[in-house]
Amino acid sequence: MADAKRKMVAAPPSSSGRFAYEGLDRVMHEKARLGLMTCLAGAPEGLTFNELKRLCDLTDGNLNRHLKQLADANLVRLVRDDAARRPQTTCLLTDTGRESFAAYLAELQRVLADAQHQISAQHDPNARKKSAARLATDSH
């Protein structure tokens, strides 16, 4: 699908669309899926469906829907084990998912840094002038 697009790293700001933040992947940016990606990023062996349900406070239906979207985007892999008395699904980040999530976080850090800069510029008259000059320079 969009694996080539997903593997892109957070691009440095360009003069056009300084605050466009193209690296904020819509699939990951949704609150529940962001929580799922964050949980799975810290669990190389994966997490069970029930663990994710509890950690992200999701219903069975919501968790299923979000995991399907992440799996369709090749960000997570779902492994079903029917050997036990009760079937169990384990969810893991794919290599693409891990790389994409790291790029997403880098872009999110850029958003936060820009926001902090914009906020601090509002409170400091000198910073406001510098910010306006920087934005004017970035747009040329």
Side-chain angles (χ1 to χ4, degrees):
M1 182 182 141
D3 282 352
K5 182 181 176 190
R6 288 195 189 294
K7 287 186 181 182
M8 73 177 191
V9 293
S14 67
S15 58
S16 174
R18 169 73 178 91
F19 298 102
Y21 305 115
E22 295 297 327
L24 292 180
D25 185 318
R26 289 185 183 270
V27 174
M28 285 184 270
H29 199 63
E30 194 282 330
K31 178 182 162 245
R33 291 188 294 269
L34 181 58
L36 291 168
M37 293 294 290
T38 302
C39 285
L40 293 171
E45 302 297 317
L47 293 169
T48 66
F49 185 91
N50 284 330
E51 289 170 325
L52 286 172
K53 183 176 144 181
R54 181 180 50 79
L55 289 167
C56 295
D57 196 25
L58 295 170
T59 64
D60 285 0
N62 278 337
L63 180 55
N64 264 323
R65 182 173 54 91
H66 291 300
L67 287 175
K68 180 178 178 351
Q69 287 180 298
L70 292 169
D72 287 349
N74 192 33
L75 298 172
V76 301
R77 182 169 52 98
L78 307 175
V79 179
R80 185 169 170 90
D81 180 9
D82 292 320
R85 281 187 303 155
R86 290 180 50 154
Q88 183 169 291
T89 300
T90 301
C91 310
L92 304 108
L93 282 185
T94 62
D95 289 341
T96 298
R98 194 166 298 285
E99 291 169 17
S100 296
F101 192 54
Y104 171 87
L105 292 177
E107 185 77 342
L108 196 54
Q109 287 174 332
R110 190 169 71 88
V111 171
L112 294 172
D114 285 348
Q116 287 293 337
H117 180 79
Q118 294 296 98
I119 290 168
S120 66
Q122 286 183 349
H123 300 293
D124 179 1
N126 292 328
R128 231 177 302 168
K129 290 175 189 172
K130 289 177 188 174
S131 179
R134 183 182 66 125
L135 289 175
T137 303
D138 285 351
S139 66
H140 293 297

Spacing of T89 atom OG1 and L47 atom CG [to the nearest 0.5 Å]:
12.5 Å
Sequence neighbours left out, what passes side chain to side chain donor-acceptor pair (under 3.5 Å) with R54? Give chain and number order.
none
Nearest heavy atoms of Y21 and E107, plus distance in Å
CA-OE2, 3.0 Å
Of the non-hydrogen atoms in L78 and C91, which two are nearest, and what is the gap between them?
CD2-SG, 3.4 Å
Could you measure the distance from the CZ atom of R98 to the CE atom of M37? Nearest 0.5 Å is fine.
8.5 Å
Could you measure the distance from the OG1 atom of T94 to the CZ atom of F101? Nearest 0.5 Å is fine.
12.5 Å
Apart from L92 itself, what residues make up its hydrophobic cluster when side-chain heavy atoms of I, L, V, M, F, W and Y under 4.5 Å apart count as a link, directly or indirectly?
V79
Quick one: ring-ring contact (aromatic ring centres under 6.0 Å, His included) pairs with a partner in residues 25-65, sequence neighbours left out?
H29-Y104
With sequence neighbours excluded, what pairs up with D60 under the salt bridge (Lys or Arg N to Asp or Glu O under 4.0 Å) test?
K53
In the structure I gave you, are the side-chain heavy atoms of L63 and L36 within less than 4.5 Å of one another anywhere?
yes
Could you list the residues that satisfy side-chain contact (heavy atoms from CB on, under 4.5 Å) with P87, not counting sequence neighbours?
R80, D82
Holding to salt bridge (Lys or Arg N to Asp or Glu O under 4.0 Å), I want the full list of residues that pass it with R26, two or more places apart in sequence or in another chain.
none
Those residues that, when tested against T48, pass side chain to side chain donor-acceptor pair (under 3.5 Å) (two or more places apart)
E51
Point-to-point distance, once rounded to the nearest 0.5 Å, from CG of L93 to CG of L75
8.0 Å
List in chain and number order the residues that pass salt bridge (Lys or Arg N to Asp or Glu O under 4.0 Å) with D95, two or more places apart in sequence or in another chain; answer none if no residue qualifies.
none
For R33, what residues pass the side chain to side chain donor-acceptor pair (under 3.5 Å) criterion, not counting sequence neighbours?
H66, Q69
Nearest-0.5 Å distance, CG of residue L70 to CE of residue M28:
8.5 Å
Rounded to the nearest 0.5 Å, what's the gap from CG on D25 to OG on S100? Could you check?
6.5 Å
Show your working on side chain to side chain contact (heavy atoms under 4.5 Å, CB included) between L40 and L52 and close with a plain yes or no.
CA-CA 9 Å; L40 293 171; L52 286 172; 4.1 Å; yes
